Amino acid sequence: MRRVTRTIAAAGAAIACCITMTACSSPFGLPISGSVQTLAPVEQQTQRVYTNPQGPADDAQPETIVKGFYDAMPAGVQSDGYRVAREFLTGSASAGWNGDSAALVYSGTPDFRRRANTISAPQGAESSLIVEVELQVVGSLDSHGVYTPSNSTQTRRLPYTLMKKSGQWRISSLESGVVISTADFEQVFRQVSVYQVSTSGKQLIPDIRWLSWRNWRTQAVGEVLSDAPSWLEGALRGAGLPTIKLAVDSVPVKDNVVEIHLNSGINALNEEERGLLVHRIRLTMGDGNAEYALKITGDGVDYSDADANVKLTTEQPTAGVYTLTGGHIVSLASSSPLRVGEAPGYDDARGFVFSSSGGAVLRADGVVECLKSDGASCGVMFSGEPMRSITEGLDGEVWAVSENGRELHVSDGGKETDLKLDWLGAADSIVALAVSPEGCRLALAVEGEDTNGVMMTGVARNGDKTLSGLSKAATQVSVLRHVTMLTFYNDLNLVYATTPPEGNSEQQEAWRQMAPGPANAQRLPNGTITSMASGQISLSRRLAIVDDLGIVRSVSGSLDGSWTIADSQVTALGAQ
């Protein structure tokens, strides 16, 4: 019995990350071959609650006017085009206000307070004052629907100037954009993936936007034709088509078919470019469905079948899950763990990635050692320089973070590439990283003076899908501090977690989100989680985690289900 206890303790040390000295890296790996699975698009909200706001009541007080405006803004985004919201504004304020230019997202309950207006009331007004709204902003949208989390935990105060005329108060001055609660956000904004084509021409990248439900199709086509966000610049092919516009400012649906009428600019494209554009619009309208029916015309010419020969799909290769325990490499592809290789001498490994063709292990001394498909060593990587964290990229790539957290190193079939991040602050360092399923986006946990949280940047690739560089900019997708592990659950959703204070697993936090987008709390099982990854277990996509005892659990579906043990007998299997 004592011998079994010692074996289990060693297994826990090998499968877990060393959380006291370095960042966690995923102990799981992804295969580079095998069957292809279709990742179903994230289910869009169909059971929406439609609000029916009321206009201003006679003799309403200033605070009531502003509160009524707040109550009416969600319906403006969702359905009525701000018809009721504008009733709370003066005529000139309504003419100058653009609700679609931006959005602030807040949590909690706003506080409405009036204060004096030091500027005299305009001519014709009986009086003027300011109502200040104090609220906790958690994020914002720009005019293109790109979400950015708030960088501050402090409350914000938004001023609204009101004037009284003919006995009635109305808002006479305000900033453009809407203010929406977290409770209303997904009721009034729709998540849309604007599908971009990578520089390789062989991969699709979901560029996540949040567009108003009332006219999301019109906005989505406009975003397909617009320039890509800066954090993806250099990683995309053919982004931005400024000469092509919608011929009419709407995208109608007739007989269940979406009709998109473009101007003559599409006629100037060659056949390949036109096919890619039509395909991108089809995937964007259909949430990744390449068979989505639509009608596209350009200056009266029907191009609905222009993408008939375009083979790009949103399908992703099946992802396997492997563990390294007591010198044994074990596959968790089914409910019965299967030993697939031997890799002795790594009981104190700090990181592990593996696929059907091999992988790598981050040894206790920080050196990354290459592994063959049977687990045998194939030498050290990165000239034996110590690394902080490793993860797997596209088609067997091994990505590593340097020990100082300032550089990235990538090994692909024996070729090694060194990368620097132009946007990383002088006092910032990378803690952990994850590569998206298509290999064209990189998520990084960063700690420092200038940047804290999770960042994303684009990955440029050559025609053979090999790495060619990174985008020069990044976007912040989370402001959560002390993130030490992260993984893409699928092509849209990112999951990440912190390391808790020693001996206090209850303070460990985990979140999931469509990145970039609002974050939702991710429930974890009891105990301290030391690493996470995603992959296929028993034919279903699952999020897998390992705790400090070396037990692997998984959850699937909405990620709110019950955690099941995927691997608790690996040490016994290895001892057989």
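Position 1 is the first residue of the sequence; numbering continues from there. In what follows, every heavy atom counts, from backbone to side chain, and hydrogens, waters and symmetry copies are set aside. Predicted, not measured: the structure shown is a model, and the values here were computed from it.
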Asker: Any sub-3.5 Å donor-acceptor pair from E438's side-chain atoms to C440's backbone N or O?
Answerer: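 Looks like yes, one N/O pair under 3.5 Å.
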Asker: Compare all side-chain heavy atoms of V483 with those of V431 and state whether any distance is below 4.5 angstrom.
Answerer: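 A side-chain contact under 4.5 Å is absent here.
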Asker: With sequence neighbours excluded, what pairs up with E447 under the side-chain hydrogen bond (donor to acceptor under 3.5 Å, both in side chains) test?
Answerer: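 E447: no side-chain hydrogen bond (donor to acceptor under 3.5 Å, both in side chains) contacts found.
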Asker: Checking Y70 against Y160: is there a side-chain donor and acceptor pair closer than 3.5 Å?
Answerer: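 Their side chains do contain a donor-acceptor pair, which is all the 3.5 Å distance test asks for.
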Asker: Salt bridge or not between R190 and D287? Use side-chain N to carboxylate O under 4.0 Å.
Answerer: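 Yes, this pair counts.
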Asker: Check D59 with K164, please: is the shortest side-chain N to carboxylate O separation under 4.0 Å?
Answerer: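 Not counted as a salt bridge, because no side-chain N and carboxylate O are separated by less than 4.0 Å.
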Asker: Can you find a heavy atom in the side chain of P74 that is under 4.5 Å from one in the side chain of V77?
Answerer: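 A side-chain contact is absent here, since even the closest heavy-atom pair is not under 4.5 Å.
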Asker: Any side-chain heavy-atom pair from W231 and M456 closer than 4.5 angstrom?
Answerer: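 Yes, side chains in contact.
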Asker: For the residue pair L408 and L470, establish whether any side-chain heavy-atom pair is separated by less than 4.5 Å.
Answerer: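 In contact.
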Asker: With under 30° as parallel and over 60° as perpendicular, where do the rings of F185 and Y147 fit, or are they tilted in between?
Answerer: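 Perpendicular.
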Asker: Is it true that, when you exclude R523 itself, more than 12 heavy atoms of the residues, nucleotides or ligands shown sit nearer than 6.0 Å to its CZ?
Answerer: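 Above 12, so yes.
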Asker: Are Q219 and S212 close enough that a side-chain donor and a side-chain acceptor fall under 3.5 Å?
Answerer: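 Yes, because at least one side-chain N or O of Q219 sits under 3.5 Å from a partner of the opposite role on S212.
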Asker: T451: which residues meet the side-chain hydrogen bond (donor to acceptor under 3.5 Å, both in side chains) condition with it, sequence neighbours left out?
Answerer: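 Here the qualifying residues are D428.
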Asker: Taking salt bridge (charged side-chain N to carboxylate O under 4.0 Å, His left out) as the cut-off, I'd like each qualifying pair that reaches into residues 232-255, sequence neighbours left out, listed once.
Answerer: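 For residues 232-255, and leaving out neighbouring residues, the salt bridge (charged side-chain N to carboxylate O under 4.0 Å, His left out) pairs sorted by first residue read R237-E272.
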Asker: Between T530 (side chain only) and V546 (backbone N and O only), is there a donor and an acceptor less than 3.5 Å apart?
Answerer: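 Yes, T530 side chain to V546 backbone: donor-acceptor pair under 3.5 Å.
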Asker: Are there over 12 heavy-atom neighbours, none belonging to E132, within less than 6.0 Å of that residue's CD?
Answerer: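 Correct, the count exceeds 12.
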Asker: For the pair Q78 (side chain) and Q187 (backbone), establish whether a donor and an acceptor sit closer than 3.5 Å, ignoring hydrogens and angles.
Answerer: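 Checking the backbone N and O of Q187 against the side chain of Q78, a donor-acceptor pair under 3.5 Å is found.
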Asker: Sub-3.5 Å donor-acceptor pair from the side chain of D58 to the main-chain atoms of G167, do we have one?
Answerer: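 Between the backbone of G167 and the side chain of D58 there is no qualifying donor-acceptor contact (under 3.5 Å).
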Asker: Can you check whether N520 reaches W511 side chain to side chain, under 4.5 Å on heavy atoms?
Answerer: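 SC-SC contact between N520 and W511 ruled out.
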Asker: So, for R214 and G76, which heavy atoms are closest and what is the spacing to 0.1 Å?
Answerer: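 Taking R214 first and G76 second, the nearest heavy atoms are NH1-O, 3.1 Å.
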Asker: Go through the side-chain N and O atoms of T498 and R481 and say whether any donor and acceptor fall under 3.5 Å apart.
Answerer: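 Their side chains do not contain a donor-acceptor pair, so the 3.5 Å distance test is not met.
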Asker: Is the shortest side-chain N to carboxylate O distance from R113 to D111 below 4.0 Å?
Answerer: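 Yes, charged N to carboxylate O under 4.0 Å.
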Asker: Under 6.0 Å between ring centres: does that hold for F189 and W216?
Answerer: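 No, the ring centres sit 6.0 Å or more apart.
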Asker: Hydrogens and angles aside, do T314 and Q316 bring a side-chain donor and acceptor to less than 3.5 Å of each other?
Answerer: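 Looking only at side-chain atoms, Q316 and T314 do not form any donor-acceptor pair under 3.5 Å.
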Asker: To the nearest 0.5 Å, how far apart are CD in Q191 and CG in L492?
Answerer: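 Here the rounded value is 5.5 Å.
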Asker: Do Y106 and E134 come close enough that some side-chain heavy atom pair is under 4.5 Å?
Answerer: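 With C-beta onward as the side chain, the pair stays apart.
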Asker: Should we count CG of D422 as having more than 12 external heavy atoms under 6.0 Å?
Answerer: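 It does: D422 CG has more than 12 such atoms within range.
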Asker: Atom CG of L433 and atom CE of M485: how far apart are they, to the nearest 0.5 Å?
Answerer: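 Output value for this atom pair is 14.0 Å.
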Asker: Between CG of L174 and CZ of F88, what distance do you get to the nearest 0.5 Å?
Answerer: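 Interatomic distance, L174 CG to F88 CZ, rounded to 0.5 Å: 13.0 Å.
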Asker: Could you tell me which residues satisfy salt bridge (charged side-chain N to carboxylate O under 4.0 Å, His left out) with E63, sequence neighbours excluded, listed by chain and number?
Answerer: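 With sequence neighbours excluded, E63 shows a salt bridge (charged side-chain N to carboxylate O under 4.0 Å, His left out) to R114, given in chain and number order.
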Asker: Is there a donor-acceptor contact under 3.5 Å linking the side chains of T528 and D547?
Answerer: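 Side chains of T528 and D547: no pair found under 3.5 Å.
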Asker: Return yes if some donor-acceptor pair links the side-chain N/O of Q522 with the main-chain N/O of V495 below 3.5 Å, else return no.
Answerer: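 Here the side-chain-to-backbone pair does not exist.
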Asker: State whether the side chain of S558 and the backbone N or O of D560 hold a donor-acceptor pair below 3.5 Å, judged by distance alone.
Answerer: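 Yes, because the side chain of S558 sits within donor-acceptor range (under 3.5 Å) of the backbone of D560.
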Asker: Centroid separation under 6.0 Å, is that true for the rings of W97 and F69?
Answerer: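 Under 6.0 Å, so yes.
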Asker: Does any part of the side chain of V224, heavy atoms only, come nearer than 4.5 Å to the side chain of L277, both counted from C-beta?
Answerer: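 Yes, at least one pair of side-chain atoms sits under 4.5 Å.
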Asker: Do V138 and T182 touch side chain to side chain, with heavy atoms closer than 4.5 Å?
Answerer: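 Of all side-chain heavy-atom pairs linking T182 with V138, at least one is under 4.5 Å.
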Asker: Mind checking what makes side-chain hydrogen bond (donor to acceptor under 3.5 Å, both in side chains) contact with E259, not counting sequence neighbours?
Answerer: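 Testing E259 for side-chain hydrogen bond (donor to acceptor under 3.5 Å, both in side chains), a comparison that skips the adjacent residues, returns H261.
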Asker: With sequence neighbours excluded, what pairs up with V258 under the side chain to side chain contact (heavy atoms under 4.5 Å, CB included) test?
Answerer: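 Only R217, V251, V253, I260, M285, Y292, L294 meet the side chain to side chain contact (heavy atoms under 4.5 Å, CB included) criterion with V258.
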